[in-house]
Amino acid sequence: MVKIDKITAFYSALIILLTGFIVFPLCCVLLTPRLKDVISVFTSTIWRGAILNTLLECVCSTTLSVIIGYIFAYAVVKAQIPFKKIFAFIPILHLMTPPFVGGLSFILLFGRQGFFTHTILGRDVSLYGFWGLLIAQVLCFFPIAYLICAQVLQKINPSLEQAARAMGASKARIAFTVTIPLSLNGILSAALFIAVSVLSDFGNPMIVAGRFRVLAVEVYTQLTGWVNAGTSAVLGLILLLPSIVLFLLQGRLMKKEGAKFAMVGQKGSPLPEKKSSLITRIFLFSFCLLISLLILAQFAAILIGAFQKLWGINTAFTTEHFLSIWRFATELRNSLAFAFIAAVFGTIFASLASFFVNRTALPCKKYLDVISQIPAAVPGSLFGLALSLSANRLHFHTSSFLIVIAMTIGFMPFSYRIISTVFSQLKTSLDDGAASLGAKKMQIFSTILLPLSRGGIFSAFIYDFVRGVGTISAVIFLVSFNTPLASIRILNLAEQGEWGKSAALATILTSVTFGILALGKILTKFLKNN
């Protein structure tokens with residue numbers, strides 16, 4: 001009998017599991033459509049319109065998100081405006097909120113009975129459709145551009161800007177001839193990342209888009225509303241192609257950006273920072289204030305809406321919406337339990353994959369590296385469809401298991417990147433020293449790498465858990481009567497016009513999310529200090 005060592009057993013098991021949970025479901029999607037489904041999609045004016053709508057929405061949302069994110073980052077990093085620390089925190093706060101908050105709060109603020117449109121302006125207008133979706137997605141995704149662009153701006157060598165100043169260039173000229181060109185790779189990276197996110201977005205289009213058809217929602221509608229798996233699969237594959245291209249371009253740009261800043265990122269002795277003009281500072285401060293108030297208004301709308309009888313019509317104070325939350329205890333329990341289990345397995349898979357790819361010389365490492373990151377390029381609605389189709393092929397209908405798999409695999413690529421980065425910061429001489437003392441590879445992993453990386457690993461766990469609690473797109477295909485989720489219930493209540501109950505449940509789930517983040521931050525700091 002051939003004896004298999006531990007590292008080979010773990011490595012083989014991980015590859016088999018990821019192949020089964022990622023590659024096999026995607027192959028099922030590829031094999032589902034028939035020729036007539038493909039012809040039907042590309043000859044139908046409805047689907048051609050949906051494809052063009054998706055492209056238009058992606059381009060416009062991405063462009064505006066990047067512009068707003070870059071201006072916001074420039075104001076926080078480069079300009080001398082008051083309350084910079086507060087402005088720097090607000091986009092991060094918004095980024096950590098569950099994805100349904102944007103769409104729900106948009107209806108409360110800009111719908112027919114919205115606070116801005118009806119209460120303040122007194123207009124009976126509807127922003128459902130392209131313009132409403134554009135506003136909702138820009139507010140949802142600009143924090144991504146802000147984070148990426150802020151990091152890029154902080155890395156720019158100040159001596160380059162100082163040299164331009166010494167030659168008499170104005171602050172505006174330095175910004176357009178030095179700062180922005182040096183930020184270009186970061187801007188493009190942010191654009192590609194946001195474009196993938198916009199293509200994958202499900203919650204905002206489902207609530208806000210109205211009759212403006214986009215592919216992420218149509219993939220779901222065709223399967224559940226019309227039981228048309230072939231058309232749903234074709235639409236999902238059309239959505240997948242640009243996502244993969246954008247994902248590959250993003251990875252290439254990230255590498256180029258890292259090399260660029262490795263060359264120009266050394267900081268010299270800085271000269272005193274030249275202040276921007278008063279007009280520039282007033283503009284940037286007003287801009288950041290406006291965007292921040294819009295974000296805070298989203299939180300306020302959900303919180304206030306949870307305590308009103310009927311938003312925009314009967315504003316009397318009530319607690320009945322919160323008192324009715326007990327009816328959704330099962331949804332809350334399922335969301336927390338499934339997210340916790342998925343975060344545990346996602347962190348384990350990501351840790352093992354990072355170890356095998358970065359610290360071993362095992363065969364097929366490239367394959368493991370690729371399949372560990374593929375889910376990041378797969379829109380959530382397509383991955384949910386893939387799991388549903390593969391489960392039907394195998395006659396497997398345990399909804400809770402499929403939901404956990406969707407959460408585990410869907411967020412694993414981000415944990416994989418976090419943990420890989422942490423492992424890369426640990427010198428390989430630690431592995432060599434342990435090996436010289438007789439330690440096996442799995443012993444090195446469990447006794448050296450894991451303890452030294454516990455802060456980063458715990459951060460990855462918290463990320464997976466928080467995103468899992470509020471996820472919608474992938475799991476909406478997989479929920480059943482016995483496995484309801486809080487995020488899906490919020491979406492259903494919003495569609496039914498139950499704004500108060502939807503806002504109350506969203507408030508509870510958002511509070512839980514922030515509580516988890518706060519606890520995670522405290523524990524992460526404790527682990528790093530000890």
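Quick caveat: nothing in here was measured; it's all calculated off a predicted structure. Quick note: residue numbers are just sequence positions, from 1.
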Listed once per pair and sorted, the side chain to side chain donor-acceptor pair (under 3.5 Å) pairs that draw on residues 355-364, sequence neighbours left out: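 For residues 355-364: N358-S420, R359-D431.
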Looking only at non-hydrogen atoms, find the nearest pair between [X] and [Y] and report the distance.
X	Y	value
P375	I371	CD-O, 3.4 Å
P379	L240	CD-CD1, 4.0 Å
A386	P25	CB-O, 3.4 Å
S65	S61	OG-O, 2.6 Å
P413	Q373	CB-CA, 4.1 Å
A406	V475	CB-CG1, 4.3 Å

Tell me whether [X] contacts the main-chain N or O of [Y] through its side chain, where contact means a donor paired with an acceptor under 3.5 Å.
X	Y	value
H94	L296	no
T63	C60	no
S292	L289	no
T54	L215	yes
Y11	P363	yes
T483	V479	no
S399	L478	yes
K84	A79	yes
S446	M442	yes
S487	T471	yes

CA sep, side-chain torsions, deciding dist, call: F356, F10, side-chain contact (heavy atoms from CB on, under 4.5 Å): CA-CA 10 Å; F356 292 138; F10 278 107; 3.8 Å; yes
Parallel, tilted or perpendicular, as decided by the 30° and 60° cut-offs, for the rings of F285 and F83: tilted
[Y] side chain reached by [X] side chain, heavy atoms, under 4.5 Å:
X	Y	answer
T19	F24	no
I7	K440	no
D201	C140	no
F87	I81	yes
S372	M412	yes
P242	L199	yes
L332	L505	yes
L485	E331	no

Spatial distance of atom [atom1] ([X]) from atom [atom2] ([Y]) [nearest 0.5 Å]:
X	Y	atom1	atom2	answer
T62	E57	OG1	CD	8.0 Å
L188	F193	CG	CZ	15.0 Å
I90	L293	CD1	CG	7.5 Å
F287	T280	CZ	OG1	14.0 Å
S351	F461	OG	CZ	11.5 Å
I472	L491	CD1	CG	5.5 Å

List the residues meeting ring-ring contact (aromatic ring centres under 6.0 Å, His included) with [X], not counting sequence neighbours, and say none if there are none.
X	answer
F465	none
Y70	none
F141	none

Verdict with reasoning, I291 to I295, per side-chain contact (heavy atoms from CB on, under 4.5 Å): CA-CA 6 Å; I291 299 298; I295 293 174; 4.2 Å; yes
Neighbour count above 12 (heavy atom, 6.0 Å) for F345 CZ: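 No, the 6.0 Å shell around CZ holds no more than 12 heavy atoms from other groups.
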Pair S415, D464: side-chain N/O donor-acceptor within cut-off below 3.5 Å: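 S415 vs D464: donor-acceptor pair found between side chains.
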Ring pair (Phe, Tyr, Trp, His ring centres under 6.0 Å) partners of residues 401-427, not counting sequence neighbours, each pair once: F396-F401, F414-Y463
Pairs touching residues 359-379 that satisfy ring pair (Phe, Tyr, Trp, His ring centres under 6.0 Å), sequence neighbours left out: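 Residue pairs with at least one partner in residues 359-379: there are none.
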Audit row: F477, L387, side-chain contact (heavy atoms from CB on, under 4.5 Å) steps and yes/no: CA-CA 9 Å; F477 286 91; L387 284 176; over 6 Å; no
Criterion side-chain contact (heavy atoms from CB on, under 4.5 Å) on K6 and K441, from CA distance to verdict: CA-CA 9 Å; K6 282 186 179 180; K441 279 288 185 183; over 6 Å; no
